[in-house]
Amino acid sequence: LQINTQHSIDEQKSAEIELMLAGIYINKHKYALAGTKNKNALVYLNKTTNDNANIEMHFKAFMNQGRIFEHIDSSELNTKHFIYNSDNKRTDYKTELKKRQITPINIFNATKKSIALNLALLSYKYAEELLGSFDSEEQIHKSIEVRLALGNLYLEVNDLKQAKSYYNAALSLINEH
């Protein structure tokens, strides 16, 4: 029996490249292009073996996805409002929020912006679900990153109680370690 690992290596390298390009586009504020590259990365990652590098890239892809949704022009949103969940399956964001018992973000008179921010919220929550896969030191750093992103998201929608809660959680982790 001969196992072909070349396909998996190519997929992983492709995912890595797509994630790097997504990061560049995020930094250049080209969120639509970043979204395309990030989605490509998730598709490639789904075809690879589930190892530490894959988990790291999934985490990065979900954090990227959150940043993209936070900043994307809401007119560019797909009318179906699907998100790729942590199992890399397309799902409706409302179903995902309900399943996770997360209160949706609602901005009065800004339906598309509310949708985009809920998609960002879910993306950060998907990243949070991966934290247990990292060693303790890396888990702390990534946990701080997720909590800061969630704090920023809630600050953006003026939910100061939630923002403060996430910022305090990040500060606690920083002070403990």
Side-chain angles (χ1 to χ4, degrees), residues 4-102 104-105 112-135 138-139 141-150 152-153 156:
N4 183 357
T5 57
Q6 186 63 37
H7 181 68
S8 181
I9 292 169
D10 290 344
E11 300 292 348
Q12 194 154 358
K13 278 292 178 201
S14 295
E16 196 173 334
I17 291 165
E18 294 291 323
L19 279 174
M20 284 190 268
L21 290 171
I24 291 168
Y25 285 131
I26 289 169
N27 289 333
K28 297 279 187 185
H29 307 284
K30 297 183 180 216
Y31 300 108
L33 289 170
T36 299
K37 294 299 178 186
N38 204 67
K39 185 180 117 238
N40 292 345
L42 284 167
V43 169
Y44 286 128
L45 285 171
N46 205 35
K47 297 177 184 177
T48 63
T49 56
N50 198 9
D51 59 10
N52 288 343
N54 185 296
I55 292 167
E56 171 70 34
M57 285 192 284
H58 263 96
F59 178 86
K60 186 173 184 175
F62 289 134
M63 292 301 292
N64 280 349
Q65 190 169 257
R67 289 182 189 102
I68 291 162
F69 282 129
E70 270 191 87
H71 295 99
I72 197 163
D73 178 357
S74 44
S75 67
E76 296 179 43
L77 279 176
N78 184 336
T79 55
K80 299 256 187 219
H81 314 303
F82 285 105
I83 187 168
Y84 284 90
N85 66 16
S86 51
D87 297 326
N88 212 23
K89 294 180 180 148
R90 263 177 50 146
T91 185
D92 178 72
Y93 80 95
K94 290 178 184 176
T95 303
E96 286 292 299
L97 288 170
K98 187 179 267 187
K99 184 167 81 173
R100 288 172 168 68
Q101 300 177 350
I102 300 170
I105 294 171
K112 284 192 172 186
K113 186 62 178 174
S114 294
I115 292 167
L117 294 175
N118 280 303
L119 293 170
L121 174 60
L122 278 171
S123 298
Y124 295 140
K125 291 294 187 175
Y126 294 155
E128 187 176 52
E129 290 171 6
L130 295 174
L131 291 174
S133 302
F134 296 101
D135 66 45
E138 192 67 18
Q139 191 176 87
H141 294 290
K142 295 207 179 301
S143 185
I144 292 167
E145 183 181 351
V146 170
R147 278 150 186 70
L148 289 174
L150 287 164
N152 292 341
L153 177 68
E156 183 179 340

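Note that the coordinates shown come from a computational prediction; the quantities given were computed from them, not determined experimentally.
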**Q.** Note, Phe69 side chain near Leu117 side chain (heavy atom, < 4.5 Å)
**A.** no
Q) About how many Å separate OG1 of Thr95 and OH of Tyr93, when rounded to the nearest 0.5 Å? A) 10.0 Å
Q: Could you tell me the separation between the CG atom of Asn64 and the CE atom of Met57, rounded to the nearest 0.5 Å?
A: 12.5 Å
Q: Report the distance from atom CG of Asp135 to atom NE2 of His141, rounding to the nearest 0.5 Å.
A: 9.0 Å
Q. Would you say the side chains of Glu96 and Tyr126 form a donor-acceptor pair under 3.5 Å?
A. yes
Q. Taking only residues two or more places apart in sequence, or in another chain, which ones meet Tyr25 in a ring-ring contact (aromatic ring centres under 6.0 Å, His included)?
A. none
(Q) Using the salt bridge (Lys or Arg N to Asp or Glu O under 4.0 Å) definition, which of the options Arg147, Arg100, Lys142 pairs with Glu128? (A) Arg147
Q. Between Ala120 and Gly66, what is the shortest heavy-atom contact and its length?
A. CB-O, 3.3 Å
Q: Mind checking the CD-CZ spacing from Glu56 to Phe134? Nearest 0.5 Å is all I need.
A: 5.0 Å
Q. What residues, two or more places apart in sequence or in another chain, satisfy side-chain contact (heavy atoms from CB on, under 4.5 Å) together with Ile144?
A. Ile140, Leu148, Ala170, Leu173, Ile174
(Q) Counting C-beta onward and ignoring hydrogens, is there a side-chain heavy-atom pair between Arg67 and Tyr124 closer than 4.5 Å? (A) yes
Q: Please check if the side chain of Lys113 supplies one atom and the backbone of Glu70 the other of a donor-acceptor pair under 3.5 Å.
A: yes
Q) Would you call Leu121 and Leu97 a side-chain contact if the rule is heavy atoms closer than 4.5 Å? A) yes
Q. What are the two closest heavy atoms between Gln139 and Gly132, and how far apart are they?
A. NE2-CA, 3.2 Å
(Q) Please enumerate all residues that pass side-chain hydrogen bond (donor to acceptor under 3.5 Å, both in side chains) together with Glu16, with sequence neighbours excluded. (A) none
Q: State, yes or no, whether a side-chain contact exists between Leu153 and Ile105 at a heavy-atom distance under 4.5 Å.
A: yes
Q.
Walk me through whether Phe59 and Glu145 qualify under side-chain contact (heavy atoms from CB on, under 4.5 Å).
A. CA-CA 11 Å; Phe59 178 86; Glu145 183 181 351; 3.5 Å; yes
Q. Rounded to the nearest 0.5 Å, what separation is found between the CD1 atom of Ile68 and the CG atom of Leu119?
A. 11.5 Å
Q: Mind checking the CD1-CE spacing from Ile17 to Met20? Nearest 0.5 Å is all I need.
A: 6.0 Å
Q) Would you say the side-chain atoms of Asn118 pair up with the backbone N or O of Lys94, donor to acceptor, closer than 3.5 Å? A) no
Q.
Under the side chain to side chain contact (heavy atoms under 4.5 Å, CB included) test against Leu19, which residue among Asn40, Leu42, Asn38 passes?
A. Asn38
Q.
Using every non-hydrogen atom in the two residues, find where Ala149 and Met63 come nearest and quote the distance to one decimal.
A. CB-CE, 3.8 Å
Q: For the pair Phe62 and His58, name the ring-plane relationship: parallel under 30°, tilted 30 to 60°, perpendicular over 60°.
A: tilted
